[in-house]
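Here is the structure we will look at, set down as structure tokens.
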Amino acid sequence: MTPSAPDAPVPKGRSRRNFAGARPVMADVARMAGVSKQTVSRVLNDHPAVRPGTREAVLEAMRTLGYRPSRSARSLASGRTRMLGVISFDAARYGPASILTAINTAAQEAGYLVSSIALDTADRDTVVEAVNRLSAEGADGVIAIAPQLWVGRALAETTDLGTPLVVLESALDDGTALVTGDSRTGARKATEHLLGLGHATVWHIAGPAGWTSADHRLASWQATLRAAGAAAPAPLVGDWSAGSGYDLGRGLARRPDVTAVFASNDQMALGLLHALHEAGRSVPGDVSVVGYDDVPEAAHFLPPLTTVRTDFAEIGTRSLRLLLDRIDGPGERPLVDTLVPVDLVVRASSGPPPVR
């Protein structure tokens, strides 16, 4: 049998097939570089315990063979899947949906895939099952968008499962990393803005009880009125929808003493504007209205809505960065609270009170 000729050099940029005709694998790189597969793994993982000459030999073999490590190869090399889990509740609302989009974008830029689970209920068993499922899929860590207090309590019981966890919105006291918008400051700014315009007091359409952001805004509204020496009317509780803002607004529109209203989100503010218009109360001539969130449509309400802007994209990006930090330092579980600043956006829906 005539011996086969030695392999010809492979031009750079072209992929060489191995002897079986398949694309090159880690073993081919190790054979060409004269090292073990473990050393190739260390180079893929940028391990410091590889001599510069050996590292260069492995990299040169990769270039020569046109080797591109698969996600599974990188997982074997690093001990990670480069997949993250996200658990969301009420994901159809603007805030959670915007946060989820930002998480996906930031994860992609960091080289991670995202597996999402949307839950309708937030009891302990459902939440633990979701975390277990993501862990079973190999998630390196989990982000939970948990706006309700009871969701936070359920998540608190999952922290001993060994998966790095970052929680958005719900305040926990167990060392779980927390990222949230600064609702207390936002409500204070909204209330102070209306008082500063000369209104004797500010009415409030609150979000549902038990929602962290709604509770924080309600408490801050009350504290701001007390600090100003203003009477605090009984809060009206909505369900975040424009319909609830409209229903509550119809009652407010019949009261001549109502000159300023702070709604806990823009959708309820929209319903309030509808009710005031329907009742012939001008905004801001008779009643000033301030919302919360600064949804994209807020600038196009009639009149354009004064509101508190929450940077949901920043919340999502920060939560992703914080989770990656916890994955990189699994032995460290500090209590970390990250408050994302908010801004008051003044538009045409707020002004001085009417002259009596």
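Just so you know, these numbers use all the heavy atoms, side chains as well, and skip hydrogens, waters and symmetry mates.
Nearest approach of L119 to A130, heavy atoms of both residues: CD1-CB, 4.1 Å. Shown here for L195 and A230, the closest heavy-atom pair between the two residues is CD2-CB, 4.4 Å. When all heavy atoms are compared, the tightest approach of A107 to L84 is CB-CD1, 4.5 Å. Across all their heavy atoms, G316 and A102 have their closest contact at CA-CB, 4.0 Å. Residue S288 comes nearest to L194 through the heavy atom pair CB-CD2, 3.7 Å, listed as atom of the first residue, atom of the second, then distance. Across every non-hydrogen atom of A253 and A275, the tightest pair is CB-O, 4.1 Å.
No donor-acceptor distance shorter than 3.5 angstrom exists from the side chain of R326 to the backbone of P164, with no hydrogens or angles considered. The backbone N or O of V295 lies less than 3.5 Å from a partner atom in the side chain of D266, making a donor-acceptor pair. Not a single donor-acceptor pair under 3.5 Å links the side chain of W221 to the backbone N or O of S264. The main-chain N or O of A279 is never found under 3.5 Å from a side-chain atom of R254 such that the two would form a donor-acceptor pair. With hydrogens and angles disregarded, a donor-acceptor distance shorter than 3.5 Å links the side chain of H199 to the backbone of G351. With S349 contributing its side chain and V289 its backbone, the two residues share a donor-acceptor pair below 3.5 Å. At least one donor-acceptor pair under 3.5 Å links the side chain of N265 to the backbone N or O of W240. Checking side-chain atoms of T317 against main-chain N and O of A313 turns up a donor-acceptor pair under 3.5 Å. Side chain of D182 to backbone of P341: no donor-acceptor contact under 3.5 angstrom is found. R188 places no side-chain N or O within 3.5 Å of a backbone atom of A223 that could act as its donor or acceptor partner.
Counting only residues at least two apart or on different chains, the ring-ring contact (aromatic ring centres under 6.0 Å, His included) pairs with a member in residues 249-274 are H204-F262, Y246-H274. Applying the salt bridge (charged side-chain N to carboxylate O under 4.0 Å, His left out) rule to pairs touching residues 341-353 yields D294-R347, sequence neighbours excluded.
Atom CD1 of I143 is separated from atom CD1 of I99 by 10.0 Å, given to the nearest 0.5 angstrom. To the nearest 0.5 angstrom, R184 atom CZ is 11.0 Å from S213 atom OG. Interatomic distance, CZ of R63 versus CD of E56, reported as 5.0 Å (0.5 Å rounding). Between atom NE2 of residue H300 and atom CG of residue L305 there is a gap of 12.0 Å, rounded to the nearest 0.5 Å. Here L252 contributes atom CG and T259 contributes atom OG1; the two are 11.0 Å apart, rounded to the nearest 0.5 Å. In this structure, CZ in R217 is found 10.5 Å from OG1 in T212, a value given to the nearest 0.5 Å.
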Between V308 and L344, is a side-chain contact (heavy atoms from CB on, under 4.5 Å) present by the stated rule, with each step listed? CA-CA 4 Å; V308 177; L344 180 69; 4.1 Å; yes

Given the rule in the side-chain contact (heavy atoms from CB on, under 4.5 Å) test, do L273 and H277 qualify, once you have shown the distances and angles that lead to the verdict? CA-CA 6 Å; L273 291 174; H277 175 75; over 6 Å; no

Stepwise side-chain contact (heavy atoms from CB on, under 4.5 Å) check, V179 with V340: CA-CA 7 Å; V179 182; V340 176; 4.3 Å; yes

Working note: D293 + F312, criterion side-chain contact (heavy atoms from CB on, under 4.5 Å); need CA distance, chi angles, decisive distance, verdict. CA-CA 9 Å; D293 286 340; F312 292 112; 3.5 Å; yes

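Residue E129 qualifies as open at atom CD: its count of foreign heavy atoms under 6.0 Å is 12 or below. The 12-atom threshold is exceeded at CD of E278, counting heavy atoms of other residues, nucleotides or ligands nearer than 6.0 Å. Other residues, nucleotides and ligands contribute over 12 non-hydrogen atoms within 6.0 Å of the CZ atom of R93.
Put simply, the side chain of I87 reaches to within 4.5 Å of the side chain of L134, judged on heavy atoms. For the pair D140 and Y112, the minimum side-chain heavy-atom distance is below 4.5 Å. You'll find the side chain of L276 stays beyond 4.5 Å of the side chain of D286, heavy atoms only. No side-chain heavy atom of L168 sits under 4.5 Å from any side-chain heavy atom of T180. Residues W211 and D239 fail the side-chain proximity criterion, which asks for heavy atoms closer than 4.5 Å.
Look at K189 and E192 and you find no salt bridge, because none of the NZ, NE, NH1 or NH2 atoms lies under 4.0 Å from a carboxylate O.
Taking hydrophobic clusters as Ile, Leu, Val, Met, Phe, Trp and Tyr residues chained together by side-chain heavy-atom distances below 4.5 Å, I327 shares a cluster with L320. Note on M268: it does not cluster hydrophobically with V290, by side-chain heavy-atom contacts below 4.5 Å among ILVMFWY residues. Under the 4.5 Å side-chain heavy-atom criterion for Ile, Leu, Val, Met, Phe, Trp and Tyr, L324 and V114 are members of the same hydrophobic cluster. Linking ILVMFWY residues whenever their side-chain heavy atoms come closer than 4.5 Å, directly or via other members, leaves L225 and I205 in distinct clusters. Hydrophobic cluster membership is shared by V50 and M62, with clusters built from Ile, Leu, Val, Met, Phe, Trp and Tyr side chains linked at under 4.5 angstrom.
Using modelled atom types, one finds no donor on one side chain facing an acceptor on the other under 3.5 Å when comparing T191 with T224. The closest side-chain donor-acceptor pair between S98 and T101, if any, does not fall under 3.5 angstrom. A side-chain donor-acceptor contact under 3.5 Å links H193 and S350.
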